[in-house]
Amino acid sequence: MSLRGEPKTLNPLIAADTRTREVIAVMHADLVHINRATQLTEPALARSWKISPDGLAYTLVLRQGIKFSDGQPLDADDVLFTFRMYLDENVHAPQRDLLIVGGKPIVVRKVDARTVVFQLAKSYGVGERLFDGLAILPRHLLEKPYQEGKLGQIGSLATAADQWAGLGPFRLKEYVSGQRLVLERNPYYWKSDAKGNRLPYVDELVFLFVPNADAQVLKFQSGETDMISQLGAENFYVLSRQQRGYTMLDAGPGLEYNFVFFNLNDPGEKTTPEMQRKQKWFREVKFRQAVSAAVDREAIVRLVYQGRGAALWGLVAPGNRRWANEKLAHPARSLELARTLLKEAGFSWSNGPQGESTLLDSGGKPVEFSILTSSSNADRAKMAALLQDDLKQLGMRVQVVPLESRSLLDRVTQSKDYDACIMGIASYDADPNPDISVWLSSGGLHLWNPSQAHPATPWEAEIDRLIEEQMSARTFEQRKKIYDRAQEVLAENQPMIFLASPDILAGAKNSVGNFHPAVLEPYVLWNVEQLYLKMGTENATR
Amino acid sequence: MRYLLRRLGHAFSLLVGVSILAFLFTALAPGNYFDEMRLNPQIAPATVAAMRAQYGFDRPLLVRYASWLNSVIHGEMGFSFGYNSPVAPLLLMRARNTLLLTITATLLAWAIALPLGVWSAERLGRLPDRLLSWGTAALLVIPDLALALGLLVLAVRSAWFPTGGMASVDFETLTPLNKLRDLALHMILPVTALLLSVLPLLVRHVRAAVADVRNAPFLLAAVGHGIPRRTLLYRYALPAAANPLISLFGFSIGALLSGSLLIEVVMSWPGLGPLLLEAILARDLYLVIGGVLFSTVFLAGGNLLADLLLYWADPRIRTESSAR
Amino acid sequence: MSTRRTFVKWLVALGVLHGMVVCAGFLAPYNPVEQDRKSPYLPPTRLHLADANGHIHVRPFAYSVRLRVRSFDQYEEDTTEPHPVKFFLNGARYRLLGFLPCRMHFFGAEGTRIYLLGTDAYGRDQFSRFLFGGQVSLLAGLLGAGLTLLLGLCVGAVAGYYGGWRDSVLMRFAELFLALPWLYLLLALRAFLPLAVGPLEAFFLIIAVIGGVGWARPARLVRGVVLSARERDFVRAARGFGASNGYLLRRHILPETSSVLLTQAAILIPQYVLAEMTLSFLGLGVPEPAPSWGNLLSSLQQYSVLVSYWWMYLPALIMVPFFLGYLGLASSLQERAEAYKIETSSLGSLT
């Protein structure tokens with residue numbers, strides 16, 4: 001298995017990026033787990049859970065006889081300690097925000113050595129899903145550093161193997177900087193298969209650090225690694241064309257949604273007159289609808305994803321079968337429609353000296369703007385190049401500005417000095433709740449106008465209301481109905497113009513058994529404890 | 001001795017200068033590591049702001065430089081936010097690999113360039129010399145990048161060499177001898193790419209330097225004395241041509257270091273190059289400064305070595321330094 | 001003199017090559033940013049003389065191509081109708097030399113498109129992109145080298161002519177720049193500068209960065225020349241007659257540096273074209289869709305392109321004559337300087 005770059009830490013309390021989470025996921029376990037294949041919750045460390053009638057209290061009962069990978073037993077105090085860590089403001093755990101429900105942190109209470117009660121301030125549609133991905137920490141190792149205030153510094157990759165423990169299927173064996181991280185089978189792991197064999201099947205899991213996607217492919221192709229995931233379409237194509245002893249799998253469209261959005265922030269004192277003029281176009285809903293109509297989504301799927309992706313008209317990707325609104329219209333590309341919409345909104349065209357037409361706004365000024373894109377994401381850069389060409393046919397002069405991803409975010413969320421931007425977000429879970437900061441007008445990822453004090457438009461207010469409503473609705477059917485409506489409001493107003501969603505592509509040697517990539521993160525290693533090597537001669541999954 | 005001390009002091013002041021320069025530049029850089037976390041829907045902006053304050057980004061530049069100097073004295077060279085660890089150990093591990101690559105390439109390059117250059121100078125203007133000149137010219141005009149990529153394709157197609165990285169997965173289980181073999185196999189591609197990028201220049205310079213002294217009166221006299229050709233070339237001509245070649249030595253180390261940055265990235269060799277590139281893109285401030293400084297240390301070390309060689313080879317410098 | 005003849009020969013060769021790039025609009029059949037979405041990664045168009053029925057045509061012709069069903073990049077020729085290559089025909093509008101509106105192209109075909117070097121991921125003509133990209137890359141090299149030489153000239157002249165503390169401060173500063181491996185320096189400089197700029201600004205930024213990296217070496221060379229020129233008899237004489245510093249520098253000393261500067265230019269320009277390519281290769285250069293040689297090659301860093309589409313290499317091969325031209329020019333200049341050096345027996349330690 002190769003990782004694109006090194007994980008930053010083994011400490012779940014400070015892990016923030018995908019690679020790190022992927023490693024941590026195989027070394028730790030959560031109380032309640034979301035099955036990546038069925039997208040439903042299932043018991044993990046907690047044998048069972050009960051929800052009180054008012055939906056505010058969750059009672060979880062731990063399994064019996066569970067031990068950490070260093071042999072120490074797990075009890076309710078570890079769970080209490082873990083949640084104290086996640087909720088402590090001084091720890092700065094990224095998971096903290098998730099555990100604030102209805103404005104108040106979740107209160108955790110111990111009932112007996114194996115029973116814990118979680119008290120929510122407000123009822124939450126699918127409270128048990130909150131527990132997924134929250135690794136239960138070994139109190140016996142972390143309490144002392146915590147009291148000394150050194151919690152942030154421990155768990156670096158150079159930690160000695162006996163100084164670190166988790167509840168996941170694998171434990172730390174060895175780390176070689178810049179090259180690899182070796183994990184070995186956790187002999188105390190609590191899962192076993194139907195026949196009673198203790199899991200995991202493989203003895204060793206090796207993560208090779210490879211700096212880029214192509215090196216990953218090379219390693220896989222030369223047989224140095226057994227599995228490969230998060231493949232781009234081009235590399236998937238190369239690998240499937242010359243299959244030699246491995247199988248390539250297309251798990252279908254994932255949960256990543258790519259979109260372009262315009263700057264709809266409220267003009268402040270610092271807004272230049274030019275920006276105000278541009279925002280007048282962007283605020284015009286027909287302008288945004290025209291852009292959406294002019295986008296050649298089919299070309300994006302074909303040229304960017306080589307057909308291994310899905311065109312997108314809404315926030316919920318087709319890969320999310322349970323939550324996508326099936327009734328959402330999927331209009332085909334139509335430049336005529338786009339032109340009609342623009343004409344209705346008061347735009348006109350003029351013919352330049354070289355025969356090219358230029359779109360003019362009602363004030364007679366040419367429509368020119370720039371689209372930001374992340375320089376490190378080749379797919380999105382390609383989309384921007386296609387979009388630029390699409391919009392040129394409407395007479396819009398568009399400039400693509402590739403930015404390093406951090407300065408891109410700085411521009412969008414801090415200085416708000418941009419016209420339009422292409423971005424992609426991968427939902428962490430199929431459930432809508434993790435995406436609420438995109439939906440809500442007060443959310444930080446409500447990118448076109450983030451962190452509003454009050455909803456700026458009636459339709460944003462409506463979305464806010466719908467999302468709040470679905471959060472406390474109790475049944476799936478109710479929530480789905482409300483959520484469908486929210487998707488429709490979004491599609492009508494096009495604050496985000498959705499482009500496409502890539503397939504999850506992965507591959508493994510034919511000798512790897514139980515290889516079933518899922519569309520949820522971690523795409524390939526979600527069932528790591530069930531993976532096995534068929535030959536029985538080799539002892540390592542790499 | 002005084003000469004050596006002076007050169008050392010010189011190298012040290014260079015390092016301080018480079019570090020100040022680097023700090024000034026990083027202060028101008030927009031964006032930082034914590035912004036990446038904002039894309040994660042599960043983290044609130046307040047959390048990010050708190051972490052930013054914790055790492056001292058809000059303090060003035062001079063204070064940051066002072067605290068950085070302090071951590072250099074403690075052998076840390078600042079803190080990498082990306083790796084959540086002091087910078088120096090991260091860099092040391094990578095620097096070792098870069099050194100392994102560059103030193104091997106340097107030694108090999110000179111071991112090939114010297115005889116080849118002398119051989120060519122001896123046949124000045126004749127067919128073999130002209131052929132060699134054309135060969136080096138051809139290598140010179142092909143971009144290093146194209147060479148490295150070509151070698152990579154060759155490796156993939158032929159499956160003769162490993163395609164990147166520094167060691168096989170089962171490296172730790174091998175016997176010492178096999179470990180060496182494994183390492184050598186992994187080094188073939190990057191070292192070849194490096195060699196090809198620097199060799200033509202070296203050969204040309206050696207050839208020119210030897211050709212320059214070939215017709216010097218003392219050599220013509222030596223020929224007259226009937227000294228064998230080989231001895232003549234290597235014992236007399238080469239040392240006389242050493243002066244420009246030794247300054248070329250320092251230059252070759254610089255060229256190889258630069259070349260290795262690109263080649264490490266292309267061939268995924270776990271050296272300073274990929275780490276630095278990643279750090280630059282991630283705005284991992286102290287890691288960038290550390291990486292640039294380390295490369296400076298290497299180059300300064302190479303130049304120091306060249307100075308020493310010069311001191312040893314050229315009596316004029318010895319007398320000059322003792323005269324002062 | 002034969003060195004003079006080789007010098008002129010190389011200069012003419014370079015002139016022709018650059019002329020081709022300058023007239024990119026006329027020689028290139030298509031607009032370099034125009035996307036032909038029906039044909040991504042199309043191999044170079046095959047030009048035929050004999051058609052499917054065995055008839056020989058006088059004029060070379062091409063067949064139109066179409067994608068194979070259910071394939072992304074496999075094409076087949078439609079052999080029903082040959083489309084002959086035509087010369088001096090009208091096509092995409094462009095401005096010759098940047099201002100003359102024009103429609104005439106050197107070659108092309110009606111009914112199909114001729115891609116001499118194939119197409120890239122968006123179906124853009126690689127040949128047109130190569131020619132237009134040359135405008136960007138060569139100009140970046142030229143301007144970058146110009147900037148470096150200007151900086152080097154100023155710093156070197158001040159350091160060499162005035163000497164004293166100015167000399168030691170400037171040379172110390174120069175050593176700082178020489179002490180860093182240039183690629184590390186280049187990357188660090190580029191990364192610390194704002195990346196948030198449009199194509200034109202990025203272009204000038206890159207020129208500034210690569211121009212700002214290399215000034216130390218020419219500065220040292222110029223300083224050496226100025227140092228020796230300052231002590232020449234005619235300069236001393238002129239000073240004796242009361243010539244001002246500015247006059248001396250302008251009339252007597254700086255002209256002495258011209259041969260060093262010329263040689264340096266011939267060495268620096270290809271180096272800087274390469275620097276631009278490296279920056280673009282690493283994604284820090286002139287942004288797409290503007291073509292530049294670096295951008296053309298940067299798609300090669302994708303392994304899939306490397307192994308699947310051999311024609312993406314071709315630009316790298318076609319660039320070689322340009323570098324060869326500069327190499328030849330530089331060595332003929334160096335030979336000339338060598339001869340000059342022996343004549344005047346001036347400072348010898350210039351490398």
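Throughout, a chain's letter reflects where its sequence line sits, starting with A, and its residues are numbered from 1.
Between B/Leu276 and B/Leu287, the closest heavy-atom pair is CD1-O, 4.3 Å.
Both the backbone and the side chain of C/Leu324 come within less than 4.5 Å of a heavy atom of chain B. Only the side chain of C/Tyr313 comes within contact range of chain B, with at least one heavy atom under 4.5 Å from a heavy atom of that chain.
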Test log, rule side-chain contact (heavy atoms from CB on, under 4.5 Å), inputs C/Leu221 and C/Gln264:
CA-CA 9 Å; C/Leu221 296 181; C/Gln264 280 294 307; 3.2 Å; yes
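For residues 129-143 of chain B, every residue pair satisfying the salt bridge (charged side-chain N to carboxylate O under 4.0 Å, His left out) rule, not counting sequence neighbours, is listed here: B/Asp129-B/Arg207.
Along residues 315-323 of chain C, the residues that come nearer than 4.5 angstrom to chain B, judged on non-hydrogen atoms, are C/Val320, C/Phe323 in order of number.
With sequence neighbours excluded, no residue forms a side-chain hydrogen bond (donor to acceptor under 3.5 Å, both in side chains) with C/Ser331. For C/Tyr272, the side-chain hydrogen bond (donor to acceptor under 3.5 Å, both in side chains) test picks out C/Thr148, with sequence neighbours left out.
Your options are B/Leu261, B/Leu140, B/Leu257, B/Ile253, and the one with the most heavy-atom pairs under 4.5 Å with chain C is B/Leu261. Between chain C and the options B/Ile142, B/Leu256, B/Leu262, heavy-atom pairs under 4.5 Å are most frequent for B/Leu262.
Using the six-membered ring where Trp is involved, C/Tyr309 and C/Tyr41 have ring planes that are parallel, under 30° apart on the 30 and 60° scheme.
Under the 4.5 Å side-chain criterion, counting only non-hydrogen atoms from C-beta, C/Val136 is not in contact with C/Asn295. At a threshold of 4.5 Å between non-hydrogen side-chain atoms, the residues B/Thr136 and B/Ser120 do not count as touching.
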